[in-house]
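Remarks on the structure that follows.
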Amino acid sequence: DGGITQSPKYLFRKEGQNVTLSCEQNLNHDAMYWYRQDPGQGLRLIYYSQIVNDFQKGDIAEGYSVSREKKESFPLTVTSAQKNPTAFYLCASRGRVNTEAFFGQGTRLTVV
Amino acid sequence: GIQVEQSPPDLILQEGANSTLRCNFSDSVNNLQWFHQNPWGQLINLFYIPSGTKQNGRLSATTVATERYSLLYISSSQTTDSGVYFCAVGGSAAGNKLTFGGGTRVLVKP
């Protein structure tokens, strides 16, 4: 099946621990994105990458890090510096500029 | 960056009613998408519509890029239409990223 796979679906971590969220796509898309959604809110951009080995900060990058070593993969690390990490995280990908973006099913992260 | 405002923020409909959702944006855009977020959080693509009009079943959308707005029409609403509808836009000056509006929460009552 073609698409975007995020794992795990639910993730629980203790405060102060780093955690890495996985996002894999087999759509041969160049661009990949990470968004954060808080309850009752819209989506806010954390990081995005337009090509392998390159990425840019979005609107709320503090406390997060990413890598883009392979075209198919764009993992997001939520570090202990992120003050309010509990949220719903969504990954997306898109092919060429000005084409449709598609989203994965999301990861719900709870930090206790 | 581009600002995106959606209205109304909340909408309650009786099954069978029609409705219009609006998305206003602050700058010229090359990309515009409408999504439906289901109760499990999945974002479902509805339309990719940077300009013009499209229809898919009971849903249709129109974007007037020169006036910086887009409309999503829901006709003969069903309970399965409930959820949150998001508009997302991208402009040439914004690279390849999408900026989301705050969403319209729709509840269709039987």
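- When hydrophobic clusters are built by joining Ile, Leu, Val, Met, Phe, Trp and Tyr residues whose side-chain heavy atoms come closer than 4.5 Å, directly or via intermediates, B/I49 is grouped together with B/L21.
- One N or O on the side chain of B/N45 and one on the backbone of A/A101 form a donor-acceptor pair closer than 3.5 Å.
- Within 6.0 Å of CD in A/E69 there are 12 or fewer heavy atoms belonging to other residues, nucleotides or ligands.
- Hydrophobic cluster membership is shared by B/L71 and B/V64, with clusters built from Ile, Leu, Val, Met, Phe, Trp and Tyr side chains linked at under 4.5 angstrom.
- Under a hydrophobic-cluster definition in which Ile, Leu, Val, Met, Phe, Trp and Tyr are linked whenever side-chain heavy atoms come within less than 4.5 Å, directly or via other members, A/I46 and A/L43 are assigned to different clusters.
- Enclosure of atom CD in B/E5 is not indicated, since only 12 or fewer non-hydrogen atoms of other residues, nucleotides or ligands lie within 6.0 angstrom.
- The CZ atom of B/F100 lies 9.5 Å from the CG atom of A/L45; values are rounded to the nearest 0.5 Å.
- A/R44 does not touch chain B: none of its heavy atoms, backbone or side chain, sits under 4.5 Å away.
- Minimum heavy-atom separation, A/R94 to B/N31: NH1-OD1, 3.0 Å.
- Around CD1 of B/I12, the count of heavy atoms belonging to other residues, nucleotides or ligands within 6.0 Å does not exceed 12.
- Across A/L90 and B/L43, no two heavy atoms sit closer than the pair CD1-CD1, 4.2 Å.
- B/I2 and A/Y47 are not part of a single hydrophobic cluster, where members link through side-chain heavy atoms under 4.5 Å apart.
- In this structure, chain B has a heavy atom under 4.5 Å from the side chain of A/F88, while its backbone stays farther away.
- There is no contact between B/Q6 and chain A, counting heavy-atom distances below 4.5 Å.
- Rounded to the nearest 0.5 Å, atoms OH (A/Y35) and NZ (B/K97) are 8.5 Å apart.
- Using a 4.5 Å cut-off between heavy atoms, A/Q37 touches chain B through its side chain atoms alone.
- When hydrophobic clusters are built by joining Ile, Leu, Val, Met, Phe, Trp and Tyr residues whose side-chain heavy atoms come closer than 4.5 Å, directly or via intermediates, A/I4 is not grouped with A/W34.
- In this structure, chain B has a heavy atom under 4.5 Å from the backbone of A/Q41, while its side chain stays farther away.
- The structure places CZ of A/F103 at 6.5 Å from CG of B/L98, a figure rounded to the nearest 0.5 Å.
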